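Okay, so here's the structure we're looking at.
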2 protein chains.
Amino acid sequence: MELAEGKQKFIEAWGKLGSEWGINRTMAQVHALLLISPDALTTEEIMEELSISRGNANMTLRDLMGWGLIEKQHKPGERKEYFYADKDTWNIARQVAQERKKRELDPVIKILNELNSVEGNDKDPAYKTFKKSVADINKLAKNVNKTLDTMLKADENWFWGSIFKIFK
Amino acid sequence: MELAEGKQKFIEAWGKLGSEWGINRTMAQVHALLLISPDALTTEEIMEELSISRGNANMTLRDLMGWGLIEKQHKPGERKEYFYADKDTWNIARQVAQERKKRELDPVIKILNELNSVEGNDKDPAYKTFKKSVADINKLAKNVNKTLDTMLKADENWFWGSIFKIFK
DNA sequence: TCAAACTTTCAAATATTATTGAAAGTTTAT
DNA sequence: ATAAACTTTCAATAATATTTGAAAGTTTGA
């Protein structure tokens with residue numbers, strides 16, 4: 001396979017995966033493009049390569065910076081801004097995990113805790129089932145939470161090494 | 001807090017979480033409703049409770065069955081179909097993990113493997129960066145894949161027990 | 001066989017989300 | 001101070017996803 005074709009496929013695949021995970025397709029594609037690019041790229045180049053508008057490129061790049069996945073770079077003597085992606089896959093995974101935890105898991109855990117204050121009659125099946133489901137999900141959420149916290153602090157080799165030691 | 005209010009909040013929260021994860025909000029809400037319901041419900045009751053149309057309810061219930069999260073139930077002497085959700089949180093997590101793995105991770109791993117056949121000159125930085133990124137992501141994807149496979153087979157207590165043993 | 005009870009389908013309508021592009025804003029060099 | 005180079009904003013538009021509801025389909029019992 002040619003490099004050009006491979007790039008296309010990679011950008012496409014990353015974009016699709018992103019959209020399945022609630023991440024805007026363009027954002028995932030820009031990230032893919034920067035991931036496989038050895039040098040930092042300008043907004044202009046990104047617009048060109050992916051055929052997207054200036055506004056879209058600008059917003060997307062801003063979002064990606066917000067996720068901590070790319071950074072601005074300035075070249076001496078140039079006014080243009082260049083963007084480059086962190087190429088360390090483990091960092092990327094951690095960054096994404098951290099953002100999603102903050103935006104999604106944490107709020108859910110908060111609500112689940114609030115739901116502990118629901119009062120009712122223990123003889124009432126509706127109440128009992130509600131309580132049980134909330135408690136069970138709470139437990140699962142907290143386990144996930146704890147595991148993510150560990151992952152966020154961990155070194156890649158240690159993390160997978162530990163996982164596979166038990167999972168064989 | 002009153003049970004009715006708690007139910008509302010729970011359904012809302014589950015719906016929001018679902019939509020952040022690329023799962024249709026209604027689908028997550030129907031699942032939430034069935035999760036906290038002690039008895040199986042009819043399409044009619046679900047439509048009523050969530051104010052959704054018959055068509056929507058029908059499609060959503062079909063999807064949820066496709067994900068293995070709910071099942072049809074028939075009551076003797078009745079023509080109506082009742083639906084009930086598996087209440088075991090660990091099963092739910094596994095079911096979701098399995099479906100998403102199948103639909104999303106597996107295809108990506110397939111493409112990443114195809115991208116190994118990209119040919120190029122080792123002196124070319126574009127080629128080198130591409131190769132490296134693809135290889136790194138491939139490695140991560142395979143680790144995740146392996147961990148999910150273990151989880152899919154595992155018993156809940158064993159799984160978390162093992163995780164926390166190493167993660168303290 | 002018929003009709004009531006129930007379920008499924010799907011084209012059209014609605015709602016949501018993403019994208020464009022031109023205008024406004026900013027920075028820098030002279 | 002000004003103009004060129006560059007970035008940001010955002011209302012309008014386009015694309016996508018979801019929902020509706022009425023019609024068609026199915027099953028059951030008399």
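Chain naming here is simple, since letters A, B, ... match the order of the sequence lines and numbering starts at 1 in each. Keep in mind that what you see is a predicted model, and the values were worked out from it rather than measured.
- Note on Lys101(B) versus Asp149(B): salt bridge recorded, some NZ/NE/NH1/NH2 to OD/OE distance being below 4.0 Å.
- Of the possible donor and acceptor atoms, none in the side chain of Trp14(B) sits under 3.5 Å from a partner among the backbone N and O of Arg25(B).
- The side chain of Ser53(A) lies closest to dG21(C), out of dG21(C), dT7(C), dT8(D).
- Near DNA chain D, meaning a heavy atom under 4.0 Å from it, residues 55-70 of chain A has Gly55(A), Asn58(A), Met59(A), Arg62(A) in order of number.
- Rounded to whole Å, atom P of dT19(D) lies 11 Å from atom CG of Leu50(B).
- Proximity note for Glu81(A) (side chain, C-beta onward) versus dT27(C), dT8(D), dA4(C): the nearest is dT8(D).
- In this structure, Arg100(A) is not positioned above the aromatic face of Trp67(A) in the sense of NZ or CZ being under 6.0 Å from the six-membered ring centre and within 45° of the axis.
- The distance between atom CD of Glu78(A) and atom C1' of dT28(C), rounded to the nearest whole Å, is 14 Å.
- Salt bridge status for Lys16(A) with Glu12(A): absent, with no side-chain N to carboxylate O gap under 4.0 Å.
- Note that Lys146(A) lies in the cation-pi zone of Phe164(B), set by a 6.0 Å cut-off to the ring centre and a 45° limit from the axis.
- Here dT7(C) presents its P atom at 8 Å from NZ of Lys72(B), a figure rounded to the nearest Å.
- Put simply, CD1 on Ile46(A) is 11 Å from P on dT7(D), counting in whole angstrom units.
- At whole-Å resolution of the value, CZ in Arg79(A) and C1' in dT28(C) are 5 Å apart.
- Interface residues of residues 14-35 of chain B facing DNA chain C, ordered by number: none; criterion, heavy-atom separation under 4.0 Å.
- At whole-Å resolution of the value, CD1 in Ile52(A) and P in dA14(D) are 19 Å apart.
- A distance of 6.0 Å separates CD1 of Ile70(B) from CZ of Phe83(B), quoted to the nearest 0.5 Å.
- Cation-pi contact between Lys7(B) and Phe130(A): absent, since separation from the ring centre below 6.0 Å together with deviation from the ring axis within 45° is not met.
- At a threshold of 4.0 Å, the pair Lys132(B)-Asp136(B) counts as salt-bridged, since one of the basic side-chain nitrogens sits closer than that to a carboxylate oxygen.
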